[in-house]
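Single-structure report; data block below.
None of these values were measured; they are calculated from a predicted model.
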Amino acid sequence: MSPQEKVVSINPNVQSKPKGLSVPVKAYSDLAQKELKVLLRAMFDSADDTLFKLSDKASSNEQQERYFNAMRAVRLKRRQMETKFFEGFSKSFSDLSSGISIAARQQDKVSMESLSLVENEELEERVALETMSNKATSANKTTLSYLNKRIAYLLSKEDLAEADNPIAPINLCDHFAECINLLELEIEARLIVYKLFDQFVLSKLSDLYESLDTLLVTHGALPDLSPKKRQPASSGAQGGNDSSNSQGGAQGGVAAGDIKPIFRSLQKLLSQVQVSQHDVMVAAPAYQGPTQSVGQLCQTLSDLEVPSANDENELQGWLKFDIRENLRGAMRAGARDGRALPMSRKDNDAINLVAMLFEFILEDRNITPTIRAILARLQLPMVKLALQDQRFFDQKSHPARSLLNALASAAVGFNQESDRFQERLKFKIEEVVTRVCDDFETNLDLFDMLLADFQVFQEKESHRVALVTQRLQDAEEGKAKTEKARQWVKATLSQVTEAYRPLPEFVETLLSDAWSKVLFLNVLKSGFESEEWNEAVFTIEQMLWTVAGEHNRSTRPVLLKVIPMVQKKLRKGLNDVSFNPYDSSRLLKELETLQINMLKEASTKDGTPEELETSKNYLVKSHNPAERLRESDEELSPTETMAAIDQVLTQQSHDSDDDSLGEFLQKIDDFGAGSWFRMSKDEGEIRTKLAAALPKLDKYILVNHAGMKVHECGKVEFAKMLRDGRISLIDNGAVFDRALKSVVQNLRTPAS
């Protein structure tokens, strides 16, 4: 079955002669197409990343190839798919203006009862499309009904079927299904792409529909249809003598009953403090006349003279930009006969609150001055937004708040020195801010779209940094493992040789320079409780017993058997670690000479029956590496010895502690990997992140924004830096939430 045959279109094409669109419908089409392009762009970007990750994590070569081919197909056909989607989209509007019913096409759609007659793969796709469409329709049922009535009014129809609205979910799914037919994808990959379309397009339609509804009202399409559903921007479109003029009414566009509890609480706090110096020509409490509409205020804000964003020096001017003072001056300058309409108290409160929020943000040391200056440009669009939508103050998940938080959080590690990574980040933040400043008027879903786009960018950058950081962490953990292995080998040699000291110089050399490498390799490869490790340690004990033990005629038979065994083990071990052959031969030759001398001395001494029994037992143990030659109640097990070494190392790192460090040592234990810090260095302040904490080895690794190591220190040094203020934790919580908390605290405890 060809790709084109695999999906039965929800809306089969109907040929028609298109007619020109009326001005309102054309504006409706243009706005929808503009925002859908942004959503589709984010969806295709995510599809590329998602399919690549799936390919990278595939459990089989076949599955890996399937996802990789899908990624490649989407990447190559992306432009064609976008073109085909909007061709179908434009045709739907042409059919609408021509009077051709799109809904009539749905009669050809296969009913759910007949799905059992199609192939399994086609069934899966149909069910996926039906589910996506129904879910999006259900989630936007009310707004879609308003849109349908307004479009019907503009087309002089009594009503409009849902499927006749070109931007209805059922039609968008149909256009996308046609796009998918351009790809030769297996069902598993197709369903993943459908899921992404649902996630990045269909689930974001609610804000688009609200914007379209507002647009149609501004064109006079049934403006009184649902006054409680009106978007704030509509009041501006209707002029200054609308419902916003009524005392206690929907000033600024949102009905009083729609004002959220947090905003209402903030209004109460504002009313209790003196903010008159910031009030922007606000109406007196007893004022009964007309007030400035939200639309008029937003237009005045758009006309303000603002600092340039193209020059670095002029950009810093935004840090001192007082939006309230500038708005007051603009309102007076534009007043007729020197008298301007006042604004409502609610609108004034919204402006004051946004200005106070940005006062905090623009003084926040957690954000570098360069990024603060860029974010300062958001004051204007955020004031416009707050005038239109008081949910801005109440909803933590509000897209504008989320976007501001994401921009500030991404720049937490931004340093003043320039590099490629930071230039990319700065450029992206400037791009997002510029789009908000240039494009936002009433379209609230712009923030959601820009947030999705920025998150895609940030995921790519974070993935790149994570790879560098992970390599660094792996290297540091490898160094830590190596360091601990050396400590373990050193402690083991000290423990095993203690009873035989003093030792001949060449034996010390054999152990410290040669056999220590064998022990080191064994502990790294197999661990300190492995059979290989026990074998290597027991070889030392055997060797020491042959050259430094008490021997006589009773032990001589055992010596004759053990000496060749020890020589063989030593030679093999040294060969395995590629020890210098010349040095190896020399040391083993000297050892052999000493062992022969021990044999000669043993033949001249008499032994007791007890010594003979001990020798026999030792001969048995020599064939079992797990048995230790020297045993006592005080001897520690390998695990206990390792714990003792860790304790010694930790204690050594704290030997220089003083009482003033206790609080800061505790703080270090609470820091998690990924915590950001400001650190003072000779060249100035830098931002650095805790990449790895290795407390057992007293090592803390700090990296920069690109994941490169900039500092390494022990716990005591870290604590001293905290105490002395040379390093301090950066609060990387949501900047909007921190700003709002600060505003509330300032309003509750105003300065005297």
Side-chain angles (χ1 to χ4, degrees), residues 482-526 528 530 532-552 555-556 558-602 605 615 618 621-622 625 627-632 634-638 640-642 644-645 648-649 652:
T482 299
E483 187 175 343
K484 178 165 286 190
R486 289 197 178 99
Q487 293 286 346
W488 173 239
V489 168
K490 182 179 178 181
T492 301
L493 286 173
S494 177
Q495 177 188 343
V496 173
T497 60
E498 183 178 359
Y500 294 98
R501 293 186 179 278
L503 293 170
E505 184 179 349
F506 83 88
V507 174
E508 292 277 12
T509 302
L510 176 62
L511 291 175
S512 61
D513 293 353
W515 199 250
S516 63
K517 292 180 170 58
V518 178
L519 294 173
F520 180 73
L521 182 62
N522 271 287
V523 76
L524 285 181
K525 289 177 61 178
S526 308
F528 57 84
S530 65
E532 291 82 359
W533 169 264
N534 287 326
E535 171 84 39
V537 173
F538 191 67
T539 299
I540 301 174
E541 295 176 335
Q542 288 178 311
M543 184 268 289
L544 292 172
W545 183 76
T546 64
V547 297
E550 294 293 332
H551 298 292
N552 49 48
T555 61
R556 193 171 186 277
V558 180
L559 276 172
L560 286 170
K561 292 181 177 293
V562 172
I563 289 173
M565 187 187 307
V566 168
Q567 284 281 338
K568 181 179 179 181
K569 289 181 180 180
L570 291 173
R571 185 171 285 104
K572 181 180 184 303
L574 296 178
N575 286 337
D576 288 344
V577 297
S578 301
F579 190 71
N580 185 291
Y582 173 78
D583 291 337
S584 176
S585 298
R586 178 179 57 80
L587 290 171
L588 291 179
K589 185 66 176 176
E590 290 187 59
L591 176 64
E592 183 180 26
T593 300
L594 182 57
Q595 288 171 332
I596 291 173
N597 290 336
M598 292 300 294
L599 277 171
K600 291 178 180 179
E601 290 181 13
K605 298 179 181 179
S615 299
Y618 177 64
K621 288 183 178 181
S622 67
E627 293 288 342
R628 306 295 297 247
L629 172 63
R630 307 190 58 83
E631 297 175 348
S632 70
E634 297 179 357
E635 186 177 356
L636 298 177
S637 69
E640 291 170 332
T641 305
M642 193 58 148
I645 292 173
V648 170
L649 292 174
Q652 288 173 350

Could you report the tightest heavy-atom contact between [X] and [Y], atom names first, then the distance?
{"X": "Glu541", "Y": "Tyr500", "result": "O-OH, 4.4 Å"}
{"X": "Met543", "Y": "Leu570", "result": "CG-CD1, 4.1 Å"}
{"X": "Phe579", "Y": "Asp513", "result": "CE1-O, 3.6 Å"}
{"X": "Leu594", "Y": "Phe506", "result": "CD2-CZ, 3.8 Å"}
{"X": "Pro564", "Y": "Leu559", "result": "CD-O, 4.3 Å"}
{"X": "Leu599", "Y": "Arg556", "result": "O-NE, 3.3 Å"}

Nearest 0.5 Å please: distance from the [atom1] atom of [X] over to the [atom2] atom of [Y].
{"X": "Glu535", "Y": "Gln542", "atom1": "CD", "atom2": "CD", "result": "7.5 Å"}
{"X": "Leu493", "Y": "Ile540", "atom1": "CG", "atom2": "CD1", "result": "5.0 Å"}
{"X": "Asn522", "Y": "Trp515", "atom1": "CG", "atom2": "CH2", "result": "8.0 Å"}
{"X": "Ser585", "Y": "Glu592", "atom1": "OG", "atom2": "CD", "result": "11.0 Å"}
{"X": "Arg571", "Y": "Leu587", "atom1": "CZ", "atom2": "CG", "result": "11.5 Å"}
{"X": "Lys490", "Y": "Ser512", "atom1": "NZ", "atom2": "OG", "result": "11.0 Å"}

Report the C-alpha distance between Phe520 and Thr482 in whole Å, list the side-chain angles of each, state the deciding distance to 0.1 Å, and finish with yes or no for side-chain contact (heavy atoms from CB on, under 4.5 Å).
-> CA-CA 8 Å; Phe520 180 73; Thr482 299; 3.4 Å; yes
Residue pair Leu503, Leu544: steps toward the side-chain contact (heavy atoms from CB on, under 4.5 Å) verdict | CA-CA 9 Å; Leu503 293 170; Leu544 292 172; 3.8 Å; yes
Check step by step if side-chain contact (heavy atoms from CB on, under 4.5 Å) holds for Gln567 and Leu591.
-> CA-CA 9 Å; Gln567 284 281 338; Leu591 176 64; 3.8 Å; yes
Heavy-atom distance under 4.5 Å between the side chains of Gln595 and Val566, does that happen here?
->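 They are in side-chain contact.
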